[in-house]
Amino acid sequence: MKDDKKLVEEITSMHEDFAKWYTDVVLKADLVDYSSVGGCIIFRPYGYSIWENIQRELNRRFKETGHENVYMPLFIPESLLQKEKDHVEGFAPEVAWITHGGSEELTERLCVRPTSETLFCDHYSKIIHSYRDLPKLYNQWCSVVRWEKTTRPFLRTREFLWQEGHTAHATAEEAQEETIRMLNIYAEFCENVLAIPVVKGRKTEREKFAGAHATFTIESLMHDGKALQCGTSHNFGDGFAKAFDIQYTDKNNQLQYVHQTSWGVSTRLIGAIIMVHGDDSGLVLPPNAAPIQLVIVPIAQHKPGVLEKAREISGRLSGICRLKLDDSDKMPGWKFSEYEMKGIPLRLEIGPKDIENNQVVLVRRDNRQKEIVSMDDLENAIPRVLADIQKGLLEKARAMLKDKTYSAKTFAEFEKIINETPGFIKAMWCGSSECEETVKEKTGATARCIPFEQEELSQKCFCCGKEARHMVYWGKAY
RNA sequence: CGGGGUGUAGCGCAGUUGGUAGCGCACGUGGUUUGGGACCAUGGGGCCGGAGGUUCAAGUCCUCUCACCCCGACCA
């Protein structure tokens, strides 16, 4: 078999049609099904299981840093939503409204939460009285609704699952620390669990969250050169506190407003995994996020001893990795293709010849390398190979990010890159919203972030030529 | 919200000048198979997206609707 032979014929090649490739993968890997409600998806067990892994890993990190999970209502009274002006304006166009209970019209419309800032604020205003009540470090796992016009599985759906952390602090400094702490947790999680390298930075005024003082972001780059915002962390300062009257008495018996943050990641991360690691055979999952890390495929399973051996191995390994034994009567080749589409990191083949030789065959999903391993060494070999795959995927993704990151000094250079080799473009910027607008109009690219790691590529804004203030990562985004 | 496309079996499709629906895959059963998507036999499955109309007769022609997908403008 040639390495480059396309084994899975049901998936469109990503070079042929990236959008089609994406939806093919999403459907063929059994991650989701389309639902009867426009713009919404059904998470199938395999897709939901990835989300559960994400939840488990993040929950551990949130709890290690002192956060508690809570749950707020799905509905927000219109009056509550309207308390913070920028916030309402930002979300108004995509809010879904409840107008009736049964056949009776409600006296006040209820908004289906597009995000829960207002609910947390309302609650905080009641429960925070003293500096002794601070900080409040809350998080909630829930779904939110934003009535989007264009939708794509995971990347943009009308209802999506996410987590939103909402914290209240005594001082501006503490709030800023929290904002960055959570951004760093997201970045570490993306790299170590999802094997997705990210660029950390601050959003421009134009791109920041409605109602925030500052928004920080982690941005990643997909196979097609488009950027994907993977998570955001906002510093609200005391803006919401003033709108919602969240005050506490400090040590000197003075009334003070709290300083707040919020931060979130969503099921969009699953879209990122697909578009960063996937290939023409389908999904490729990093072991740390994979619902099933190892699939055992018995060969000639009707022959005496084969299934027994496969079951024995399954039992031995079940404590050291998440695995599945497929003893259905499908052909082995069918199983190989199926689990490649599903991105299971590692496959173990066990057949009569292997049993004779006291060995098994391991095949990696990421590079299809085969390795023959002694039956006695499985407990060492499996974790070793899984760790190696995890590491390899991150390295590969890092190389891609580096490869697709360009820099431009002039507008002409910028345009040429965006049109010919899409990716991140580093370029100096004067800080004006007008230049962002111009760039967007002429090239379709937006300022993804002002990275923490600044470089001085030149003294002048690549767009208007005036004095540059920041180096910005630009790109077309999902 | 604009532009394009598609709706016929679970999925993918065919269906000629209008004559009352077919193929592949999947599924059920029996058997033979199993190191890269097996084969034979046999069986089940349909208000042709919906509503009007034209006609003796509509999957097919006309009108109107609805849904979904894709591509753009706005957004986790």
Side-chain angles (χ1 to χ4, degrees), chain A residues 1-3 5-12 17-20 22-24 26-28 33-41 90-95 114-115 142-164 186 203 206-210 215 217-219 228-234 262-272 281 297-303 306-307 326-341 347-356 359-361 363 368 370 372 440-441 444 446 476-478:
Chain A
M1 185 192 72
K2 283 179 197 152
D3 286 344
K5 195 190 165 205
K6 193 165 176 291
L7 295 166
V8 177
E9 304 296 341
E10 298 180 16
I11 295 172
T12 308
D17 184 344
F18 195 81
K20 182 83 173 12
Y22 180 81
T23 40
D24 281 353
V26 157
L27 293 172
K28 299 289 181 188
D33 192 15
Y34 288 109
S35 84
S36 50
V37 184
C40 295
I41 52 172
F91 283 100
E94 47 191 18
V95 162
T115 178
C142 66
S143 72
V144 289
V145 168
R146 299 181 188 174
W147 215 254
E148 302 287 350
K149 285 158 189 157
T150 321
T151 57
R152 296 189 68 189
F154 298 123
L155 302 174
R156 175 153 293 105
T157 48
R158 287 186 174 160
E159 180 190 10
F160 59 93
L161 303 176
W162 79 345
Q163 92 11 249
E164 46 179 327
Y186 285 156
K203 285 286 188 189
R206 209 188 144 79
E207 300 282 335
K208 79 178 185 189
F209 181 82
T215 290
T217 179
I218 49 172
E219 299 281 326
L228 186 74
Q229 178 177 305
C230 282
T232 47
S233 187
H234 316 288
S262 90
W263 25 273
V265 299
S266 72
T267 38
R268 171 180 264 192
L269 285 174
I270 298 173
S281 300
V297 179
I299 309 293
Q301 65 186 38
H302 63 291
K303 293 196 176 165
V306 174
L307 262 184
D326 187 345
D327 57 1
S328 72
D329 57 5
K330 299 275 191 201
M331 302 293 289
W334 189 92
K335 294 177 187 175
F336 297 166
S337 300
E338 183 68 12
Y339 298 118
E340 278 171 17
M341 280 195 291
R347 174 171 88 230
L348 185 154
E349 298 174 22
I350 169 92
K353 287 181 213 162
D354 299 312
I355 294 171
E356 246 174 67
Q359 65 180 36
V360 302
V361 178
V363 187
R368 287 219 181 79
K370 282 193 181 184
I372 292 176
K440 179 152 195 198
E441 251 178 45
T446 49
K476 290 189 183 174
Y478 274 101

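The structure presented is a predicted model; accordingly, all values stated were derived computationally and were not measured.
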Determine which bases of RNA chain B form Watson-Crick or G-U wobble pairs with both distances under 3.5 Å, and write the result as a 5' to 3' dot-bracket string with | for other-strand partners. (((((((..((((.....[..)))).((((((.....)))))).....(((((..]....))))))))))))....
Please list, for nucleotides 73-76 of chain B, all pairs of protein and nucleotide N/O atoms separated by less than 3.5 Å.
{"residue": "B/A73", "atom": "N6", "partner": "A/Thr150", "partner atom": "OG1", "Å": "2.4"}
{"residue": "B/C74", "atom": "OP2", "partner": "A/Lys440", "partner atom": "NZ", "Å": "3.0"}
{"residue": "B/C75", "atom": "O2", "partner": "A/Arg156", "partner atom": "NE", "Å": "2.2"}
{"residue": "B/C75", "atom": "O2", "partner": "A/Arg156", "partner atom": "NH1", "Å": "3.3"}
{"residue": "B/C75", "atom": "O2", "partner": "A/Arg156", "partner atom": "NH2", "Å": "2.3"}
{"residue": "B/C75", "atom": "N3", "partner": "A/Arg156", "partner atom": "NE", "Å": "3.4"}
{"residue": "B/C75", "atom": "N3", "partner": "A/Arg156", "partner atom": "NH1", "Å": "2.9"}
{"residue": "B/C75", "atom": "N3", "partner": "A/Arg156", "partner atom": "NH2", "Å": "2.9"}
{"residue": "B/A76", "atom": "O3'", "partner": "A/Gln229", "partner atom": "NE2", "Å": "2.2"}
{"residue": "B/A76", "atom": "O3'", "partner": "A/Arg268", "partner atom": "NH1", "Å": "3.4"}
{"residue": "B/A76", "atom": "O2'", "partner": "A/Arg268", "partner atom": "NH1", "Å": "3.4"}
{"residue": "B/A76", "atom": "N6", "partner": "A/Thr157", "partner atom": "N", "Å": "2.6"}
{"residue": "B/A76", "atom": "N6", "partner": "A/Thr157", "partner atom": "O", "Å": "2.7"}
{"residue": "B/A76", "atom": "N3", "partner": "A/Ser266", "partner atom": "OG", "Å": "2.8"}

Below 3.5 Å between N/O atoms, which protein atoms pair up with nucleotides 7-12 of chain B? Just atom names and distances, please.
none

Please tabulate the protein-to-nucleotide N/O contacts below 3.5 Å involving nucleotides 24-33 of chain B, giving atom names and distances.
{"residue": "B/C27", "atom": "OP1", "partner": "A/Lys330", "partner atom": "NZ", "Å": "3.1"}

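Taking A/Asp327 as the reference, A/Arg311 meet the side chain to side chain donor-acceptor pair (under 3.5 Å) condition, with sequence neighbours excluded. Taking the salt bridge (charged side-chain N to carboxylate O under 4.0 Å, His left out) definition, one finds that A/Glu159 meets it with nothing, sequence neighbours left out. Among residues two or more places apart in sequence or in another chain, the side chain to side chain donor-acceptor pair (under 3.5 Å) test is passed with A/Thr217 by A/Glu219. Annotation: side chain to side chain donor-acceptor pair (under 3.5 Å) contacts of A/Thr446 (sequence neighbours excluded): A/Arg448. Partners of A/Lys335 by side chain to side chain contact (heavy atoms under 4.5 Å, CB included), not counting sequence neighbours, listed by chain and number: A/Val297, A/Pro298, A/Gln301, A/Asp326, A/Ser328, A/Lys330, A/Tyr339. Looking at residues two or more places apart in sequence or on another chain, you find a side chain to side chain contact (heavy atoms under 4.5 Å, CB included) between A/Ile41 and A/Val32, A/Phe43, A/Pro153, A/Phe154, A/Thr157. Evaluation of the ring-ring contact (aromatic ring centres under 6.0 Å, His included) rule for A/Tyr34 yields no partner, not counting sequence neighbours.
Identified under the salt bridge (Lys or Arg N to Asp or Glu O under 4.0 Å) test for residues 143-156 of chain A, with sequence neighbours left out: A/Glu148-A/Arg156.
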